[in-house]
Structure formats: structure tokens, C-alpha cells
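Down below is the structure, laid out as C-alpha cells.
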Amino acid sequence: MEDEAFTDISGKTISLDCQSHFSLCREFTVSVPKVSIGKVLVYTCCVWLSAYAVFFFTENTAVLSSAIFITLVGMMLHIHFVKVDHESLLLIHSMGIQLSSSYASGRETTTFVEMSKIKDIVINEAIYMHQIIYYLCVLLKDPSQPDAVLSVVPLFQSSKPRLNCLVKVYKSCQEILSKC
């Protein structure tokens, strides 16, 4: 079990926790920092001050009520659907890969891909906001054509770790996949 600090594509600190449950089963968890109270306060103050400025000129109390309601609903939606606390990849030699995401609200999503459907795990590159980024992905086999790729499943989509973190996960996954 080891926990290392890395950065994401924006330069923010993330951590990679690697656990080996047994020789052919490994779990990788990428964790991102929690929601910043400072950012939440700044956002809330900006929205509410803007609403107060509009209220000052219009004298309509519905503006203030709407600003409070929109801010609270927006924060709840962000925490429940957008803000991911950690993502994990569990690779079990003979079974497959389990992908999990845990959101700030406590909600979790889990996907399982059987080993028989996996062609390979690769590091791919993409253009993102005028820069080239790397991402880890699972290539799924096409049942009708064994050499073809049916689809690509990207891993760690929310945390977006940099290449040095992806290489560490990739090498460990390839160790297990080579024994299949």
C-alpha cells in the first residue's frame, strides 16, 4: 500500500493510492482535494452582492429570494453531480475491471467490464483546451472481429491525472494483463 502525490492537468495536487490485495488484484484510487470553503464563500458573496445591487435599483424582493434559491440549488447540484472526491480502478486478473467514482454528496457510480471484453489498457492522447493531455483508457474487443476495437472507456475522467501518474497505473495494469 502506497500513497503518492501527483498533479492533475491544471496543476492541482491529487493523490494516487495503490493497493495490492493479492498478486493478481490491484486497486488504484485517485483522490482530489475537497471542496474549498473559500471558493464557495466568494461565489456566494458575488451572487448575493449582485442580487442586492439589482434589488437596490428595482426594490423587488423576488430578486434576493431568487439569488438565494439559485445559489443553494446550484451548490447542491454541483456537489451531487459534478464534484468527484475520488475515482478508483480495481483490476482482478480473471474477472475484469471495476470503475468507481465517489461524489462529494456521497453518491457513487460503479461500472464493471468483464476480462473477456477487454482488449488492452493504453495511454491515449487528446487535444484539450489548446493543449495535449494524456489519459488512460480500456479498449474493448469487438466480438465479431477479434482484432478490432469496439469502444474506448476512459479512466479517471474527473481527476485528469498527468502522464507520470498514468504511467504508474499503466505499468501495474500491464503486469496483471500479461498474465491472462
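- For the pair Val138/Val152, no side-chain contact is recorded, criterion being any heavy-atom separation below 4.5 Å from C-beta on.
- In terms of heavy atoms, Phe156 sits closest to Val169 at CE1-CG1, 4.3 Å.
- A heavy-atom distance below 4.5 Å is found between the side chains of Lys160 and Tyr128.
- In this model, a donor atom of one side chain and an acceptor atom of the other lie less than 3.5 Å apart for Ser102 and His86.
- A salt bridge does not link Asp8 to Arg162: none of the charged nitrogens lies less than 4.0 Å from a carboxylate oxygen.
- Side-chain contact check for His80 and Ser105: at least one donor-acceptor pair (N or O, by modelled atom type) lies under 3.5 Å.
- Between the side chains of Asp147 and Gln145, no donor-acceptor pair of N or O atoms lies under 3.5 Å.
- Between Asn164 and Phe6 the shortest side-chain heavy-atom distance falls below 4.5 Å.
- Contact annotation: the side chain of Ile79 never approaches that of Tyr103 to less than 4.5 Å [non-hydrogen atoms, C-beta and beyond].
- When side chains are defined from C-beta on, Ile118 does not count as touching Asp120, because their heavy atoms never get closer than 4.5 Å.
- Residues Glu27 and His21 meet the side-chain proximity criterion, which asks for heavy atoms closer than 4.5 Å.
- Cys18 places a side-chain heavy atom less than 4.5 Å from the side chain of Leu16.
- Annotation: side chain of Leu150 is not in contact with side chain of Lys141 (no heavy-atom distance under 4.5 Å).
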